[in-house]
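Worksheet for the structure shown next.
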Amino acid sequence: MIKTFKKGGVHPPENKISRNAALEQLVPEGIIQIFISQHIGAPAECIVAKGDKVKVGQLIAKANGFVSANVHSSVSGTVLGIENVADYQGIKKPAICIQVEGDEWDENIDRSPEINRDLSKTSEEILAKITEAGLVGLGGATFPTHVKLSIPKGKTAKAIIINGAECEPYLTSDHRVMLEKGEELLIGVQLLKKVVNVDKAYIGIETNKQDAIDNLKKLAANYSGIEIVSLKPKYPQGGEKQLIKSITGLEVPDRALPIETGCIVSNICTTLAVYEAVQKNKPLFENSVTITGKNLNVQKNFIVRVGTPLTQLINAIGGMPENTGKVISGGPMMGRAINNLNAPTLKGSGAVLFITKEESKRGTKSNCIRCSKCVAACPIGLLPFLLYKLAERNMLEDLKENSVHACIECGCCLYTCPANLPLVDYIRLGKTRAMKLIVKQK
Amino acid sequence: MNKLIISPSPHIHGEFSTKRLMRDVIIALLPALCVSFYFFGLGAMTVVCVAVISCVVFEYLIQKFLLKTTPTVNDYSAIVTGLILAFNLPSNFPLWLVVVGSLIAIGVGKMVFGGLGNNPFNPALVGRVFLLIARPVEMTTWPLPINMITADATTGATPLAIIKEGLKNGLTIDQIKSQADYTFTYLDSLWGQIGGSLGEVSAIALLLGFAYLLVRKVITWHIPITIFLTVTVFSGTLHLVNPNQFIDPVFHLLTGGMILGAVYMATDYVTSPMTHKGMIVYGTGIGLITIAIRTFGSYPEGLSFAILFMNAMVPLINKYMKPKLFGEIK
Amino acid sequence: MDSTILTTVIMLGLLAATLAVILYIVAQKFKVVEDERIGETESILPGANCGGCGYTGCRAFAEALVKADDISAMFCPVGGNTTMTKIAEYLDKLVETKDSEIAVVRCLGSCENRPRVNEFDGAASCAVMAATYSGDTDCSYGCLGKGDCVSVCNFGAIRINSETLLPEVDEDKCTACGACVKSCPKLIIELRKKGPKSRRIYVSCINKDKGAVARKVCKTACIGCAACRKACAFESIEIENFLAYIDPNKCRLCRKCVEVCPTGSIVELNFPPRKPKVEPQEPKANVVNTETVTN
């Protein structure tokens, strides 16, 4: 049976034009810059100094507290120092700059192509490995994985859900991983099951990736307790709450964490990283990145080292086409527009998307005609048209009353708005301000 | 230099635009328009043209010279208002009154509130009701379809009016139906061969447009279907209680612009509720009030008043009919 | 006929009497005893309801003024010292006089001085823009020009110049209520001492980058070269994070710093034109900007 969630959602054109491009390694050169904060939580603490020699996979910044993550070098070479480097959005943050010299890996990393099927490690050992490897959620939120896997006291997990929905248009990196690294992925799932002590795991995949469903179904026959669930394509199926709803039919209660439903959601790339960290001793220093766009001659799915300058990725596809209007990090629905093409990639950069000039501009905004399409599209059951007006007038108390906190910023409202009103722009702003107010009032 | 464009997400936009939605409404109205040209001839054409042109012109003039804003006539909404207003007028309606009706519709119905999106009442209905109250004689003298014109009759009453008049004179439904001037059959009404406002006569053409609107996702089923259901249930109950005093539901559905009103006027975005729950409440209200006016009131036709009344209720409905929040615990 | 009129009159009279009694009882029962001074104080206040005093409106401020024993820390920026003295007299409390202030926009990054390197296409709001990215120029500190300050100003005292795309303050209208200061996500606007004859000098830049970096992105950026600090005889200029700040309380308006600033990021307002000097060293950009800001 093909499942999906009921409330709201939109169906943007899929445009998965890079789906057939096999994963390729992209070897970095020159100077790379690794931000010491690539996750939600406290920035890591730098433990290398100018002039130090580092190897691929060497720890260069240590997690600072529980909600934080280790950062490892993605190249071998000499540390040039810590500088303030502008990120994709042009905002300056401290980063460790390393001059690339060769490609010498840390001895502990198992680089052999054999699949390690040994599942004898204990739950604590696995969690320790994940913590050490600096894993973060690679679906975009970059929340430290070891924190997510530490179940709060009094709660019990019932199932692991692997998010293979990849509901954003254009993106295909998860798809490629499911096709090419299926078995590694399933071992990663088994490891995750062990960490949180559950017997059941679901992998939810949208039916526009039928080959991935077939591949994993075939492989899953050898592993117990893994169910592949076909999902009807609909955005935002990959949202944590929506995915749990689609697969289990349970709703995450308002203002609560997903663990209330007994589900823990993990992304495809993160699960693969779990396998690599635990079975191959390989910390998180590279990630699969889709490079796509209708105006590109080649579509690519690269495995990119963290900290590689974006310019290198662009050069690898033969330069940026003249008619590019917008470059986006991530998918077109929730990704962020890039204004600094010299910025280095991050752990959580899953895609670089090029949009032509014609498609980049938003339509002219006109009066709200109260068509209620935003209300019908909202997967959370909010009133976007109302929240928009309240946020524009900065009416924080009213925003609070109208549950602005629940907004997942999926952008369905703006996507569907016939008047091109910047609904989610203002709602996002209002949400930030209202949350500050709520914290203040407490 | 090639400047990159930056905006917050999302970076793509769906297929909807105000213009496209309005254009689809116009397309959906075309079958009924053709039918009315066929039955009412040149009169229908002139009324439609005058209404549409004067609505567009008034909107442009008011925006340009009174409000001093950029005119937005290119969003087609004034054309829709003009068309729907014309659809509610008899085909022999004096043209100067059509112009006055358009002025009221656009000026009082829409622009005084700040233009498209801010008006509490459906502009076309404001125009129509104004004309109905100000010039009741012209508004209720309907020409017969061209092929029904006989030597002694060029105008006639609508079926609803005949029934109302008969009931007032103490006749039963069956007696009225057996009268000589009662030539109405359901088949005529499906096709459109009855007296009435120029756009309301053909059920089939209007339903064709309804199907188009649903397919193009311009409107949802909620409002029209709840109106139809409520009308059927309410008038059906009355009919079952006393078939001599209350006519059957099919009659109610096919006459008095029920389909035109339910599909094209009650569903006006601006003046209908924002949530599906609210739409159902709104539709039920319209259905109940319409039948109440038709059977117990003095007007033969009550849909316009019902819609206007429920328009006024919309803010209230919006306040109390909110969608269920994801994961909300009651 | 007569009796009809009589009955009607009696009935209506009775009705009126009953209602009057009810109204009187209700009015007595729900009477709110209020300090009459609140109303009086409110009438002294300008009634702009701008919130510049930190209260939700003039009424709330009046209540607070009446209630508080010590009102020296309270101030109405719109009414200024005159209003506050009047209130002090009326309430028989002490107030402190304050130098009158005005909002200044500390950015000179006009289109010419600071080229636009990308185009923002989101909601026309500085707050939205600032949450999205660093801005449409390479200077991540400068004005975004979307006019959040304009829309919050109750007095129409600030507007965006269509040529420079920077906000300009209308000296006569600005009441220093501080609404624009709060609305600016980049914290560019500052309330400063208005100065004698409205003459004032300030550093019109808040870029904290190293000089070379700042200079590269904007012709009129403060590069933290400290030339102004050396030139100042009154030690009124401090430099922190490559950015100079003139303390308005120490500044004696000698204008030496303006003359030495290599980038022209120091602005002087409302001064008479300088006497022609032997070697006119005044930077060119400064003249243009002084004029536009003075308006």
Side-chain angles (χ1 to χ4, degrees), chain A residues 7 10 12-13 169 241 245 251-254 256 322 324-328 330 332-339 341 353 355 357 359-363 366-373 375-376 378-383 385-386 403 406 409 411-412 414-420 422 424-425 428, chain B residues 2-22 24 69-70 72 74-75 77 110 113-120 217-220 222-223 267-279 314-315 318-319 321-330:
Chain A
K7 193 192 276 282
V10 291
K241 290 177 171 184
K245 175 84 182 171
E251 276 190 17
V252 180
D254 183 32
E322 260 305 291
T324 305
K326 221 181 219 177
V327 185
I328 297 160
M333 291 300 285
M334 279 190 83
R336 299 190 69 176
I338 300 173
N339 66 316
L341 295 177
L353 168 64
I355 302 224
K357 267 186 192 144
E359 285 179 283
S360 297
K361 275 266 188 178
R362 287 190 183 169
S366 55
N367 276 6
C368 170
I369 54 168
R370 306 176 69 78
C371 64
S372 79
K373 293 210 181 298
V375 180
C378 180
I380 298 295
L382 298 170
L383 299 167
F385 74 101
L386 180 69
S403 313
E409 304 174 20
C412 288
L414 175 47
Y415 177 82
T416 191
C417 181
N420 288 309
V424 69
D425 295 11
R428 200 181 279 127
Chain B
N2 189 6
K3 275 190 196 171
L4 284 179
I5 297 165
I6 309 292
S7 78
S9 63
H11 306 285
I12 48 173
H13 194 267
E15 73 272 42
F16 294 119
S17 69
T18 307
K19 216 168 167 169
R20 193 198 112 160
L21 294 173
M22 294 297 165
D24 276 348
T69 51
T70 341
T72 54
N74 61 355
D75 65 12
S77 65
K110 190 171 166 190
F113 299 103
L116 183 67
N118 301 320
N119 47 310
K217 294 194 174 122
V218 176
I219 58 170
T220 56
H222 299 81
I223 296 175
T267 57
D268 172 32
Y269 285 144
V270 185
T271 56
S272 60
M274 300 297 283
T275 61
H276 292 163
K277 259 192 282 178
M279 288 176 186
V314 164
N318 280 342
K319 192 169 161 63
M321 294 289 156
K322 286 189 178 163
K324 186 184 157 278
L325 189 67
F326 189 98
E328 191 180 21
I329 318 150
K330 284 273 153 91

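So you know, we letter chains A, B, ... as the sequences are listed, proteins then strands, and number each from 1.
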Do A:R428 and B:S9 have a side chain donor and acceptor closer than 3.5 Å?
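Checked: A:R428/B:S9 side chains pair up, N/O donor to acceptor below 3.5 Å.
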
With a 4.5 angstrom heavy-atom cut-off, is it the side chain or the backbone of [X] that approaches chain B, or both, or neither?
| X | answer |
| --- | --- |
| A:A419 | both |
| A:T416 | both |
| A:V10 | neither |
| A:C371 | both |
| A:K326 | both |
| A:P379 | backbone |
| A:L341 | side chain |

Given the options [options], which has more heavy-atom pairs under 4.5 Å with chain B than any of the others?
| options | result |
| --- | --- |
| A:I328, A:T324, A:V327 | A:I328 |
| A:I355, A:N420, A:L382 | A:N420 |
| A:P332, A:P418, A:P13 | A:P418 |

Report yes or no: does [X] contribute a side-chain atom to a donor-acceptor pair with the main-chain N or O of [Y] at less than 3.5 Å?
| X | Y | answer |
| --- | --- | --- |
| B:S272 | B:D268 | yes |
| B:T275 | B:G278 | yes |
| B:Y269 | B:G117 | no |
| B:H13 | A:C417 | yes |

A:E359 CD to B:I5 CD1 distance, which is reported to the nearest 0.5 Å:
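CD1 of B:I5 is found 11.5 Å from CD of A:E359.
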
Proximal component of [X], with respect to chain A [non-hydrogen, under 4.5 Å]:
| X | value |
| --- | --- |
| B:K19 | neither |
| B:D75 | neither |
| B:L116 | both |

Which heavy atom in B:N118 sits nearest to a heavy atom in B:V270, and how many Å separate them?
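Heavy atoms only, the tightest pair is N-CG1, 4.0 Å.
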
Heavy-atom pairs under 4.5 Å with chain A: which of B:G14, B:S77, B:G115, B:P273 has the most?
B:G14

Counting heavy-atom pairs under 4.5 Å with chain A, which one of B:G114, B:P8, B:S17 comes out on top?
B:P8

Can you tell whether the side chains of B:K324 and A:E251 come within less than 4.0 Å, N to carboxylate O?
yes

State whether A:D425 and A:R362 are salt-bridged, where the test is any N-O pair (Lys NZ or Arg NE/NH1/NH2 against Asp/Glu carboxylate O) under 4.0 Å.
yes

A:K373 NZ/CZ over B:F16 ring centroid, <6.0 Å and within 45° of normal:
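Judged by the rule, A:K373 and B:F16 form a cation-pi pair.
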
